[in-house]
Amino acid sequence: MQAWVIGNWKQNPATSHDVNALLDDLLTAIEATEQANSEVTARCQLMVAPSFIHLTAVSARLKGTSVLCAAQDISAHSASVGAYTGDCSAQQIADAGATWTILGHSERRQYHQESYDSLLQKVTHALMQDLGVVFCIGETQAQYDDQQTLEVIDSQLSVIKSLLAQQQELIDSLSTRLIIAYEPVWAIGTGKVPTVAEVSATHQHIKQSVAGVAESLSAITVLYGGSVNADNADIFAADAMIDGALVGGASLKAESFLAIATAFSKGSI
Ligand code: 13P
């Protein structure tokens, strides 16, 4: 099965100049990696998600390369153009050259109070614009300590389940246009990670849960995110339930991003 390694650049880098420097490094590192081992990008799909402001420039530079470009969010009010200050619609995102979007990241849930309703709107609009969706779920430290991980995940996954119940015609396209990213909130940017056994069991639960709605989704891609780096990627990549990684900090350096991709390309054999 093909692995996926996705770089969520969050509110980085600070300037267009720095974005170009990161892309220069990334494309040079990919070329060197492909020359050394052509299997890496064949076995592992790479994607990066820059800020809205950099989306057009980044997607233009990535055109014709093996790296896909995603947005980090879309507007819940994507049905039409109009008076939604500060928002970017799914159509605008697709027009800027992105083919995927991250949705429901815990930082959006935390700082922007993203609700079930707004996420249902966002996922629906993304798919209507033919954008693939990387749907993020994960528990907080308190929920982890209270052993509520699976309950929290089930509740967050209800967005996807409702969507499928309402719009059966989406099921076929979702098998290639939906990725679930399990990111425990307490592991993001902290250097703390769950054990591989914990991640594996949670991923198995996610896969079973999604397959319970539609059998065609039984092979859904489930990524792990939260403090993945060049040193620990191997152990996650070796587990059959972990199909790749959603990477924050370590995606801002081409070297560590490519090292993670190399680990998952080996894990996918
Ligand atoms: P870090 O890799 O920096 O922990 O961030 C993970 C993340 O939130 C990716 O979406």
Side-chain angles (χ1 to χ4, degrees), residues 3-14 18 22 26 44-52 54-55 58 67-74 93 98 100-112 114 119 122-123 126 131-141 143-144 149 152-153 156-157 159 178-196 198-199 202-203 206 221-237 239 242-264 267:
W4 292 72
V5 170
I6 303 176
N8 176 8
W9 290 357
K10 308 192 179 184
Q11 195 168 272
N12 297 291
D18 293 349
L22 175 56
L26 191 60
C44 180
Q45 177 65 60
L46 292 174
M47 191 190 300
V48 294
S51 299
F52 285 150
H54 298 134
L55 206 51
V58 172
V67 188
L68 298 173
C69 186
Q72 296 174 15
D73 186 36
I74 62 164
I93 293 297
W100 285 76
T101 183
I102 296 172
L103 290 178
H105 192 280
S106 62
E107 287 148 17
R108 304 262 350 144
R109 293 178 192 262
Q110 182 184 355
Y111 303 130
H112 301 273
E114 287 198 341
L119 282 169
K122 288 181 185 203
V123 177
L131 291 169
V133 171
V134 181
F135 190 74
C136 302
I137 56 177
E139 81 287 0
T140 62
Q141 179 77 63
Q143 291 163 336
Y144 174 77
T149 300
V152 170
I153 277 168
Q156 292 169 335
L157 279 177
V159 169
L178 176 69
I179 289 175
I180 306 290
Y182 168 56
E183 300 201 297
V185 179
W186 54 272
I188 295 178
T190 58
K192 292 196 284 184
V193 289
T195 64
V196 174
E198 285 175 312
V199 176
T202 305
H203 281 206
I206 295 167
T221 296
V222 182
L223 311 182
Y224 169 70
S227 296
V228 177
N229 58 40
D231 296 328
N232 64 17
D234 284 1
I235 55 162
F236 291 114
D239 190 279
I242 306 175
D243 304 320
L246 181 56
V247 186
S251 71
L252 298 172
K253 290 264 181 291
E255 199 185 8
S256 43
F257 190 55
L258 263 291
I260 295 167
T262 303
F264 277 96

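Just so you know, ligand 1 is whichever comes first in the structure, and atom 1 is the first atom listed for that ligand. Model, not experiment: these values are computed from the prediction.
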Next item on the list: Find the distance between CG (Asp231) and CD1 (Ile260) and round it off to the nearest 0.5 Å.
Entry: 9.5 Å
Checklist line | NZ or CZ of Arg109 within 45° of Phe135 ring axis and under 6.0 Å | finding: yes
Of all the non-hydrogen atoms in the protein, which one sits nearest to [atom], and at what distance?
atom	value
atom 5 (O) of ligand 1	Lys10 NZ, 3.3 Å
atom 7 (C) of ligand 1	Glu183 OE2, 3.0 Å
atom 3 (O) of ligand 1	Gly249 N, 2.8 Å

Notebook entry, point to check: Which atoms of ligand 1 have any heavy atom of Ser227 under 4.0 Å away?
Noted result: 1 (P), 2 (O), 4 (O)
Next item on the list: Please could you name the atoms of ligand 1 that His105 approaches to less than 4.0 Å, counting only its heavy atoms?
Entry: 7 (C), 8 (O), 9 (C), 10 (O)
Side chain or backbone, does [X] bring an N or O within less than 3.5 Å of an N or O on ligand 1?
X	value
Gly248	yes
Thr190	no
Glu107	no
Gly189	yes

Next item on the list: Would you kindly specify which portion of Leu246 sits under 4.0 Å from ligand 1, judged on non-hydrogen atoms: side chain, backbone, both or neither?
Entry: both
Looking only at atom types and distance, does a side-chain atom of [X] sit under 3.5 Å from a main-chain N or O of [Y], one as donor and one as acceptor?
X	Y	answer
Asn12	Gly248	no
Thr140	Val185	no
Tyr224	Gly226	yes

Note to self: For Trp4 and Leu68: C-alpha separation, side-chain torsions, deciding distance, then whether side-chain contact (heavy atoms from CB on, under 4.5 Å) applies.
What the structure shows: CA-CA 11 Å; Trp4 292 72; Leu68 298 173; 4.0 Å; yes
Check: Please walk me through it: do Leu223 and Val5 pass side-chain contact (heavy atoms from CB on, under 4.5 Å)?
Finding: CA-CA 8 Å; Leu223 311 182; Val5 170; over 6 Å; no
Notebook entry, point to check: So, does Gly226 sit close enough to ligand 1 that a heavy atom of it is under 4.0 Å from the ligand?
Noted result: yes
Notebook entry, point to check: Can you list the steps and then say if Ile188 with Glu107 is a side-chain contact (heavy atoms from CB on, under 4.5 Å)?
Noted result: CA-CA 10 Å; Ile188 295 178; Glu107 287 148 17; 3.5 Å; yes
